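Only one structure is covered here, and it is reproduced in the block below.
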Number of protein chains: 2
Amino acid sequence: MAATQKLKADLYAPLCPSRTVLDHLMSRWGVLVLLVLLERTWRFRELGRKVGGVSEKMLAQTLQHLEVDGFVRREAFPEIPPRVEYSLTPMGREAAQRVQGLALWVEANVGRVLSARAVGAKKVAARRSAS
Amino acid sequence: MAATQKLKADLYAPLCPSRTVLDHLMSRWGVLVLLVLLERTWRFRELGRKVGGVSEKMLAQTLQHLEVDGFVRREAFPEIPPRVEYSLTPMGREAAQRVQGLALWVEANVGRVLSARAVGAKKVAARRSAS
DNA sequence: CAGTATCCTACACGATACTG
DNA sequence: CAGTATCGTGTAGGATACTG
């Protein structure tokens, strides 16, 4: 009892908890944080600067979600000034690697997508004006 | 000229187009649509029912984003009643497979995450009350 | 069926100020 | 430094009605 659930998870079911897990992993900032953490351990501000464009609030919130879900480990050192280090748990590393798989593909293929957009945007626009 | 871009894409740069590509792929409904399309070709309503919980508006918008980006092919048949079929392009399949990699991991590991949450939520809550 | 157009609201998110 | 608290706003996204 209390063992890890074996009842089938189903992303297509709106109420399935797997949706919230996926939401945390794929959130705007969640993705970037995971990628950065894959590289090494970081302090809070350091992480913020590395990600680029994230506010303190969202960084804190994102890290808490990932910590609660067991993807990120937070270690606070009782010093002055305070120092807190964030790293991936083993499970976090597993998930982050999958995220990285997609991220690397995107970085490598933005060019193809941008080319596709040039023609794709017109097709969609044409349908709208044909009303 | 007009060749696919080779200039380095950087997800950490807020202005890099790769961010919008990733946003489309990882959006709430984008993920689910890609997973479903990986299975086979679907009609509009069919797709909506399969995904579960998506509104017409969001389904149409999501499909358009993916179509514009060159991930999804839309084929309309001049019949009455109208029939429109959506499928993945070869590039869409490449991306969708990466998305699937993460999705399958999540479905298989929700149990571990749920267990982690039981203890993780308390740790975070404890910090807040210790103010 | 396959959408589009309109309206409306909850909340995601940023900016700012403050605490330990 | 490492956050939390508060406030204000833009917009993602749902509900509904309508078109071809």
Side-chain angles (χ1 to χ4, degrees), chain A residues 14-15 19-20 22-33 37 41-68 72-87 123-131, chain B residues 14-15 19-20 22-33 37 41-68 72-87 123-131:
Chain A
L15 297 180
R19 281 228 179 148
T20 75
L22 205 59
D23 282 348
H24 293 165
L25 291 174
M26 315 249 286
S27 70
R28 177 168 186 64
W29 302 117
V31 176
L32 298 177
V33 165
L37 285 177
T41 292
W42 300 79
R43 298 180 59 171
F44 185 83
R45 298 277 177 190
E46 223 180 4
L47 203 43
R49 281 188 299 270
K50 176 73 176 178
V51 165
V54 66
S55 65
E56 296 179 5
K57 179 183 169 184
M58 289 316 295
L59 182 58
Q61 186 180 110
T62 301
L63 284 169
Q64 282 186 11
H65 284 154
L66 295 175
E67 185 192 357
V68 168
V72 162
R73 173 172 36 242
R74 174 187 185 275
E75 193 173 6
F77 299 86
E79 305 173 358
I80 291 187
R83 177 166 54 106
V84 179
E85 296 192 339
Y86 291 91
S87 57
K123 269 198 288 198
V124 172
R127 289 208 299 273
R128 299 181 75 86
S129 55
S131 63
Chain B
L15 297 180
R19 282 229 179 148
T20 74
L22 205 58
D23 282 348
H24 292 165
L25 291 174
M26 315 250 285
S27 70
R28 178 167 185 64
W29 302 116
V31 177
L32 298 177
V33 165
L37 284 177
T41 292
W42 302 78
R43 299 179 58 170
F44 185 84
R45 298 277 178 189
E46 222 181 4
L47 204 43
R49 280 189 298 269
K50 176 73 177 179
V51 166
V54 65
S55 64
E56 296 180 5
K57 178 184 169 183
M58 290 314 297
L59 182 57
Q61 186 181 110
T62 301
L63 284 168
Q64 282 185 11
H65 284 154
L66 295 175
E67 184 191 358
V68 168
V72 162
R73 173 173 34 243
R74 174 186 184 277
E75 193 174 5
F77 299 87
E79 304 172 0
I80 291 186
R83 176 165 56 106
V84 179
E85 295 192 340
Y86 291 91
S87 57
K123 270 198 287 198
V124 172
R127 288 207 300 273
R128 301 181 74 88
S129 55
S131 64

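Just so we're on the same page: letters track the sequence lines, and every chain starts at 1. Treat the numbers as computed from the prediction; the structure is a model and nothing was measured.
- For R74(A), there are no salt bridge (charged side-chain N to carboxylate O under 4.0 Å, His left out) partners at least two apart in sequence or on another chain.
- Checking dT4(C), dT4(D), dA2(D) against every side-chain atom of R128(B), the shortest atom distance belongs to dT4(D).
- The CG-C1' distance, from L32(A) to dC13(C), rounds to 15 Å in whole Å.
- Every residue was checked against the salt bridge (charged side-chain N to carboxylate O under 4.0 Å, His left out) condition with R19(B), not counting sequence neighbours, and none meets it.
- Computed from coordinates, the R127(B) CZ to dG3(D) P distance equals 7 Å when rounded to whole Å.
- Following rounding to the nearest Å, E85(B) (CD) and dG3(C) (P) show an atom-to-atom distance of 11 Å.
- Atom CZ in R45(B) sits roughly 7 Å away from atom C1' in dG3(C) (whole-Å rounding).
- With sequence neighbours excluded, no residue forms a salt bridge (charged side-chain N to carboxylate O under 4.0 Å, His left out) with E75(A).
- Between Y86(B) and L47(B), the closest heavy-atom pair is CB-CD2, 4.3 Å.
- Between K123(A) atom NZ and dG3(C) atom C1' the separation is 18 Å, expressed in whole Å.
- Distance M26(B) CE to dA12(D) C1': 17 Å, rounded to the nearest Å.
- The two residues M58(A) and V54(A) make their nearest non-hydrogen contact at CB-CG2, 4.0 Å.
- Backbone-only contact: Q64(A) has heavy atoms under 4.0 Å from sugar-phosphate atoms and none from a base.
- Atom CG of L63(A) is separated from atom C1' of dA2(D) by 11 Å (rounded to the nearest Å).
- Distance from the side chain of Y86(A) is smallest to dG3(D) among dG3(D), dG3(C), dA2(D).
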Review item, nucleotides 14-19 of chain D N/O atoms under 3.5 Å of protein N/O:
unit_1  : atom_1 : unit_2 : atom_2 : d
dG14(D) : OP2    : S55(B) : OG     : 2.9
dG14(D) : O6     : K57(B) : NZ     : 2.6

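- Closest approach to the R74(B) side chain among dA2(D), dG3(C), dC1(C) is made by dG3(C) (side chain taken as heavy atoms from C-beta onward).
- Considering L63(B), L66(B), V51(B) as possible partners of W29(B), the one that fulfils the side chain to side chain contact (heavy atoms under 4.5 Å, CB included) test is V51(B).
- For the pair L59(A) CG and dC13(C) C1', the interatomic distance rounds to 13 Å; values are reported in whole Å.
- Residue pairs meeting the salt bridge (Lys or Arg N to Asp or Glu O under 4.0 Å) criterion with at least one member in residues 42-53 of chain A, sequence neighbours excluded: R40(A)-E46(A), R45(A)-E56(A).
- Minimum interatomic distance between G52(B) and P14(A) (heavy atoms only, all atoms of both residues): O-CG, 3.7 Å.
- Recorded end-axis angle for the helix from dC1(C)-dG20(D) to dG20(C)-dC1(D) stands at 50°, based on five pairs per end and rounded to 10 degrees.
- Taking the six-membered ring for Trp and thresholds of 30 and 60 degrees, H65(B) and H24(B) have nearly parallel ring planes, at less than 30 degrees apart.
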